[in-house]
Amino acid sequence: MAKPERPPYVRRRLGAKLKRMREASGHTLDSAALALDKTRSALHRIETGETKANVHLVRTMMDLYDHFEPALIEATRKSLRKPWFAAYGVQDNGGYLGVETEASHVDEFSAQVVPGLLQTDGYIRALFMTRGNTNPEQAALIRLFRQRRLISETEPLTYTAIVDEAALLRQVGGHAVMREQLHHLLEVANLPTVTLRVLPLELGAHDALPGPFCLLSFPDPEDPEYLYVEHVTGTLHCEDEQEVTEARMVFAQLQSVALDPDDSVALIRRLTHTMING
């Protein structure tokens, strides 16, 4: 049985804000639905992001709830527009792209491959050549577009990546591709938005041996942190406070044992030198 599609993140976030606004006003779903000339189920679907809300409805809600918030109007307009990745033929179905687009900071632990936000075109294509159900060219275009936010002046994404040394040793695409990839890591490590740290193999066991994960945070402090995990048959999307807190503790533990940024760059330089000179 196919899994039900998750509503786009931007709609879920808008719905959550509308729900909080309703609850703060003292209205129940029933009383608000009656006043808005909606059924209870219709209003519930708007608050969960399953159904789109239009600007007129949101203005009416703000009047009813006696809470005017201009940012909600723009958020509503944004939820009605097609996301940037639709131009690449990607629907995302409430997946990671929509969440990252709204995030202001990402913390990521990457175990076996270089993180997507730091990959070169050649590395991306080599990586996706092994996946028969994925178009390498499309994957490269999307990942390279995502990387633009690391140098954006209007909507910058700050990024902390902890990369297992094993990912830097894995010969994805062969020597030429890996040399280019390692050089690229040295370049992006200088970006003010990027903190790159390496988890050395000599460390041995650590708390994240089960696998990679991402933690995303957002400009609005009311938006909960978001945990994203890829696994062999799919992905996990989690906003549960306890699970996110546990993942945050694991990331903090990794930070405490990973090489600092300067030593990480030095290690990457040594790997690059070894690859060039044998």
Side-chain angles (χ1 to χ4, degrees), residues 2-3 5-10 81-152 155-189 191 193-194 196 211-216 226-238 268 275:
K3 295 180 181 179
E5 291 187 1
R6 292 166 53 83
Y9 178 75
V10 68
R81 294 194 291 264
K82 287 185 177 181
W84 64 266
F85 43 82
Y88 294 92
V90 176
Q91 293 184 350
D92 199 37
N93 295 332
Y96 181 79
L97 293 179
V99 182
E100 186 188 87
T101 299
E102 300 303 312
S104 56
H105 181 80
V106 175
D107 287 316
E108 179 171 8
F109 168 63
S110 189
Q112 298 297 329
V113 297
V114 172
L117 284 173
L118 305 181
Q119 292 172 0
T120 63
D121 179 81
Y123 188 98
I124 298 167
R125 291 171 187 271
L127 193 63
F128 281 93
M129 283 294 291
T130 64
R131 305 185 188 182
N133 62 342
T134 303
N135 182 332
E137 182 174 354
Q138 181 192 53
L141 288 172
I142 291 172
R143 290 199 173 182
L144 294 173
F145 189 94
R146 288 167 53 205
Q147 292 174 16
R148 294 181 188 180
R149 287 196 62 202
L150 298 177
I151 56 173
S152 171
E155 293 183 293
L157 179 71
T158 56
Y159 181 56
T160 299
I162 298 179
V163 185
D164 197 295
E165 185 181 353
L168 307 179
L169 297 172
R170 188 175 303 281
Q171 295 292 301
V172 175
H175 274 62
V177 169
M178 282 307 299
R179 281 199 302 271
E180 180 186 39
Q181 178 62 73
L182 293 178
H183 278 299
H184 181 66
L185 290 178
L186 295 175
E187 292 175 358
V188 295
L191 293 175
T193 53
V194 174
L196 175 59
F213 63 95
C214 290
L215 286 160
L216 301 94
Y226 197 99
L227 171 64
Y228 174 77
V229 181
E230 289 189 12
H231 53 84
V232 69
T233 59
T235 58
L236 179 146
H237 300 256
C238 179
I268 296 170
M275 189 170 292

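When every heavy atom of R143 is checked against every heavy atom of Q119, the shortest pair comes out as NH1-OE1, 2.7 Å. For the residue pair I124 and A140, the shortest heavy atom distance occurs at CG2-CA, 3.5 Å. Taking every heavy atom of both residues into account, L118 and Q181 meet most closely at O-NE2, 2.8 Å. Between R146 and Y96, the shortest heavy-atom distance links the atoms NH2-CE2, 3.7 Å. Of all the heavy atoms in Y88 and Q138, the pair that sits closest is O-NE2, 2.6 Å. Across every non-hydrogen atom of P136 and M129, the tightest pair is CG-SD, 3.9 Å.
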Would V106 and R149 count as a side chain to side chain contact (heavy atoms under 4.5 Å, CB included) if you check the C-alpha gap in whole Å, the side-chain angles of each, and the deciding distance to 0.1 Å? CA-CA 12 Å; V106 175; R149 287 196 62 202; over 6 Å; no
For the pair R170 and V114, evaluate side chain to side chain contact (heavy atoms under 4.5 Å, CB included) and give the outcome as yes or no after the intermediate values. CA-CA 9 Å; R170 188 175 303 281; V114 172; over 6 Å; no
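With sequence neighbours left out, the side chain to side chain donor-acceptor pair (under 3.5 Å) criterion links H175 to Q171. Residues satisfying the side-chain contact (heavy atoms from CB on, under 4.5 Å) criterion with V177, sequence neighbours excluded, are Y123. Shown here are the salt bridge (charged side-chain N to carboxylate O under 4.0 Å, His left out) partners of E108, two or more places apart in sequence or in another chain: there are none. Applying the ring-ring contact (aromatic ring centres under 6.0 Å, His included) test to Y159 and every residue at least two apart in sequence or in another chain returns nothing. Evaluation of the side-chain contact (heavy atoms from CB on, under 4.5 Å) rule for I268 yields L168, L182, L185, L186, L196, V198, T272 as partners, not counting sequence neighbours. Under the side chain to side chain donor-acceptor pair (under 3.5 Å) criterion, R179 pairs with no residue, sequence neighbours left out.
Ring-plane geometry between Y9 and Y226 is classed as perpendicular, the angle between the planes exceeding 60 degrees on a 0 to 90 degree scale with a lower cut at 30. Note on ring orientation: taking the six-membered ring where Trp is involved, the planes of F109 and F213 are tilted (angle from 30° to 60°).
Residues W84 and V90 have side chains not in contact (no heavy-atom distance under 4.5 Å, counting atoms from C-beta outward). Side chains of Q147 and V188 form no contact here, defined as non-hydrogen atoms less than 4.5 Å apart. Using a 4.5 Å cut-off on side-chain heavy atoms (C-beta onward), L157 and S152 make no contact. By the 4.5 Å heavy-atom criterion applied to side chains, Q112 and D164 are not counted as neighbours.
Put simply, the side chain of T158 gets close to the backbone of S104: a donor and an acceptor are under 3.5 Å apart. The backbone N or O of L150 lies less than 3.5 Å from a partner atom in the side chain of T193, making a donor-acceptor pair.
Taking OG1 of T120 as the reference point, atom CD of E180 lies at 4.5 Å (rounded to 0.5 Å).
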